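Just so it is clear, the model here is predicted, and its values are computed rather than measured. Residue numbers run from 1 in the order of the sequence given.
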Amino acid sequence: MSDTTISTRVGLRRYTTCGELRREHVGRTVTLKGWVHRRRDHGGLIFLDLRDRYGITQVVANPAHSPDAHATAERVRAEYVLAVTGQVVARPEGTVNPALPTGEIEVIADSIEILNPSKTPPFPIAEETDVDESLRLEYRYLDLRRARLQRNLLLRHRVVRFVRQYLEERDFVEIETPMLIKSTPEGARDYVVPSRIFPGHFYALPQSPQQLKQLLMVAGFDRYYQIARCMRDEDLRADRQPEFTQIDLEMSFVDVEDVIELVEGLYTELFERFATKPLKEKPFPRLTYSEAMLRYGSDKPDLRFGLEIQDVSDVFTATEFGVFKNALAAGGVIRGFAVPGFADATRSQLDHLTETARTFGAKGLVWLALQQEEGRLAARSPVAKFLSERELVSLAERFQAGPGDLLLLVADAEPVTANVLGRLRNQVARERKLIDESIHAFCWVVDPPLFEWNEEEHRWEAMHHPFTSPRDEDIPLLDSDPGRVRAKAYDLVADGYELGTGSIRIHRRDVQNKIFAIMGYDDAEIERRFGHLLRAFEYGAPPHGGMAPGLDRTVMILAGESSLREVIAFPKNQRAQDLMLGAPSPIDERQLRELHLRIVYPEEQESTEE
């Protein structure tokens, strides 16, 4: 490298990045390579903002200094790829750009070489304008040139580097696990891969490395981690993708406290280093699953605002109001929350809330706008005449509410009430702008049920996955009342998002067999699906547990984004399509024959059934 050029990077680069020049480099001759961010022709001087992932440097093409460079600059347009050689000079007084780290200097071009021209992009690269997402995904390689996405992916890179360092300093070993595995129940549909060598047989892409990391514990690698790629064929939303990445970790000879301590330490340091907002509370508060569902109607509560839910069933044990009376008689509950200062809600706003509650699954919504009348508490509500003064006063005391506040109540079965009020709580907070966006609020949700009842199939299912250990004191309930068994499991929640779920695993074959049996698997099915894991448990499996926080969601929250697609380089759309590559796509008949497959189209299926 010539002593007249500079680079702060180590390696084979023979040029200067567009983000490193400062006033102390004035007088140096440098070579810059990058994309034209903007071009401005001032009727003589031509200014080019040259961009790479490190930053932007202003280049000046002056016909009096270099006619050839100026002639080339006249042909240049946005997104052309250039190599520019020239001298670093201080910007004239009054032209310094404090918004740019390179804003005190510019490069006077001696030569400009067009390395590659560019067609006019389908959307602006230099400005953060709104662009249809389908167009952005189709031209993702152009979208990734934009400053926001580059910041997000560079943030992701730094987060991964930090996570690796944190875990390796604590004796974790990074081990890769295979992408072609056996299909076993993990809670979602598998993506499957047909085998050419074994006709009619299939691999599955891993929904997680769950069983593999447990087998690594049996193998004696007592602290494992992996930045693990996972695939699930499930319905998508803004915070879910068919391909996602976990910070997957597992530890031997640990209990719940050990895993929580490790992961909380990781996320505390991670957010204190990379977040632009402080943590609301340290250490992270802990809620039992039942407490979270009662107070927030969700197992991933957003603690950046109040609106806590209260159970007020006891207030109405002697009520004459038919809706409440019938709900309690049917074994249901009456719950609700207060919205401070919203008693002046219009009828259209209240009708909107009622309709929203119905779309969430409620039969209706009772609202009470508290007010003062003749020195006593009263309420504006269609049901006010059915409530006694004692009931109204008791409600106000329970919710710590008064005149000017709005009460929202739902009476139904407990699961319905929790779901409706939890979702309504979040919506009201968004619409009323009650969420404190200046902080990050973490919590742990612990001791969830081990099982949930599948009404459609009339059987018990694992709430997390079937390898989760029951709490020791609840093991006797496995035979008598599985629905009351609590799991040694824990969820990490941030700002209303579930960042990750973990648990202490089952490490004994007899207990694991019992769990499978409760879920309805017979011995032959257990052996076929899980024999490999159960046999391993017979060779000295240590007690173990772990967790798998989502890397994508972690970076999404750190970056202040609301969609995973903004922190993944090449995401799918909401229909799991890759619009850039055109996937999924048909494959030709030769490939199908090699895989011993034949596509049966819907019309053929109907014909066969007839």
Side-chain angles (χ1 to χ4, degrees), residues 173 175 177-178 180-188 190 203-204 206-226 228 248-259 446-454 457 459-490 501-548:
V173 178
I175 303 176
T177 53
L180 296 174
I181 63 172
K182 182 178 183 177
S183 179
T184 59
E186 294 277 358
D190 287 326
Y203 300 102
Q207 294 185 32
S208 76
Q210 180 59 49
Q211 296 178 57
L212 296 165
K213 66 183 180 182
Q214 289 189 248
L215 291 170
L216 285 171
M217 297 301 103
V218 179
F221 293 94
D222 65 314
R223 291 196 164 204
Y224 140 95
Y225 85 94
Q226 181 181 187
D248 202 54
L249 58 94
E250 197 79 4
M251 308 158 67
S252 292
F253 308 112
V254 293
D255 60 20
V256 170
E257 291 300 322
D258 295 312
V259 182
V446 300
D447 299 340
L450 187 65
F451 299 107
E452 56 187 346
W453 182 251
N454 185 322
E457 299 182 14
R459 67 180 185 91
W460 291 106
E461 291 182 339
M463 178 168 274
H464 177 28
H465 58 55
F467 316 111
T468 300
S469 178
R471 288 183 62 91
D472 296 339
E473 62 269 35
D474 290 352
I475 288 178
L477 294 171
L478 290 172
D479 295 316
S480 59
D481 193 353
R484 290 177 53 203
V485 178
R486 293 166 298 166
K488 287 185 180 178
Y490 32 85
T501 295
S503 68
I504 302 302
R505 325 301 188 186
I506 298 167
H507 67 282
R508 288 171 39 193
R509 177 164 188 154
D510 58 337
V511 177
Q512 188 66 77
N513 271 332
K514 182 182 284 289
I515 297 299
F516 287 144
I518 290 171
M519 294 173 62
Y521 296 116
D522 60 28
D523 290 344
E525 183 77 353
I526 292 172
E527 177 60 30
R528 183 176 72 83
R529 289 180 176 269
F530 307 104
H532 54 279
L533 183 66
L534 296 174
R535 282 189 292 276
F537 287 172
E538 297 175 333
Y539 290 91
H544 57 279
M547 196 167 184

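In this view, Ala489 and Pro448, Thr468, Ala487, Ser503 satisfy the side chain to side chain contact (heavy atoms under 4.5 Å, CB included) rule, not counting sequence neighbours. Qualifying side chain to side chain contact (heavy atoms under 4.5 Å, CB included) partners for Tyr203, counting only residues two or more places apart in sequence or in other chains: Leu180, Val193, Ser195. Evaluation of the side-chain hydrogen bond (donor to acceptor under 3.5 Å, both in side chains) rule for Thr177 yields Gln226 as partners, not counting sequence neighbours. Shown here are the side-chain hydrogen bond (donor to acceptor under 3.5 Å, both in side chains) partners of Glu527, two or more places apart in sequence or in another chain: Arg535. Listed by chain and residue number, Lys514 satisfy the side chain to side chain contact (heavy atoms under 4.5 Å, CB included) test with Asp479 (two or more places apart in sequence, or in another chain). With sequence neighbours left out, Asp523 forms a salt bridge (charged side-chain N to carboxylate O under 4.0 Å, His left out) with no residue at all. With sequence neighbours excluded, no residue forms a side chain to side chain contact (heavy atoms under 4.5 Å, CB included) with Pro476. Remark: Arg484 pairs with no residue by the side-chain hydrogen bond (donor to acceptor under 3.5 Å, both in side chains) rule, at least two apart or across chains. Residues meeting the salt bridge (charged side-chain N to carboxylate O under 4.0 Å, His left out) test with Lys213, sequence neighbours left out: Asp248, Glu250. Evaluation of the side-chain hydrogen bond (donor to acceptor under 3.5 Å, both in side chains) rule for Asp222 yields no partner, not counting sequence neighbours. By the salt bridge (charged side-chain N to carboxylate O under 4.0 Å, His left out) test, Arg471 pairs with Asp447, Glu473, sequence neighbours left out.
Here Lys488 does not pair with Asp255 in a salt bridge; the nearest charged N to carboxylate O distance is not below 4.0 Å.
Remark: the backbone N or O of Met519 is paired with a side-chain donor or acceptor of Arg459 at under 3.5 angstrom. Under a 3.5 Å cut-off, the side chain of Asn454 and the backbone N or O of Glu461 do not form any donor-acceptor pair.
Closest heavy-atom contact between Ala536 and Val218: O-CG1, 3.7 Å. Heavy-atom minimum distance, Gln214 versus Phe537: NE2-CZ, 3.9 Å. Between Ala462 and Pro466 the shortest heavy-atom distance is CB-N, 3.6 Å. The nearest pair of heavy atoms linking Gly483 to Trp460 is CA-CH2, 3.4 Å. Considering all non-hydrogen atoms of both residues, Tyr490 and Gly546 come closest at OH-O, 3.0 Å.
For the atom pair Gln211 CD and Leu216 CG, the distance stands at 12.5 Å (nearest 0.5 Å). Taking NE2 of His544 as the start and CG of Leu215 as the end, the distance is 8.5 Å to the nearest 0.5 Å. Taking CD1 from Ile526 and CG from Leu533, the interatomic distance works out to 12.0 Å, rounded to the nearest 0.5 Å. The structure places CZ of Arg505 at 11.0 Å from OG of Ser252, a figure rounded to the nearest 0.5 Å. Taking CG from Asn513 and CG from Leu534, the interatomic distance works out to 5.5 Å, rounded to the nearest 0.5 Å. With rounding to the nearest 0.5 angstrom, the CG atom of Leu212 is 11.0 Å from the CD1 atom of Ile175.
Aromatic ring pairs are classed by plane angle as parallel below 30°, tilted from 30° to 60° and perpendicular above 60°; the pair Phe530 and Phe516 is parallel.
Taking 4.5 Å as the limit, every side-chain heavy atom of Ile506 sits out of range of all side-chain heavy atoms of Phe467. The shortest distance between side-chain heavy atoms of Ile515 and Tyr521 does not fall below 4.5 Å.
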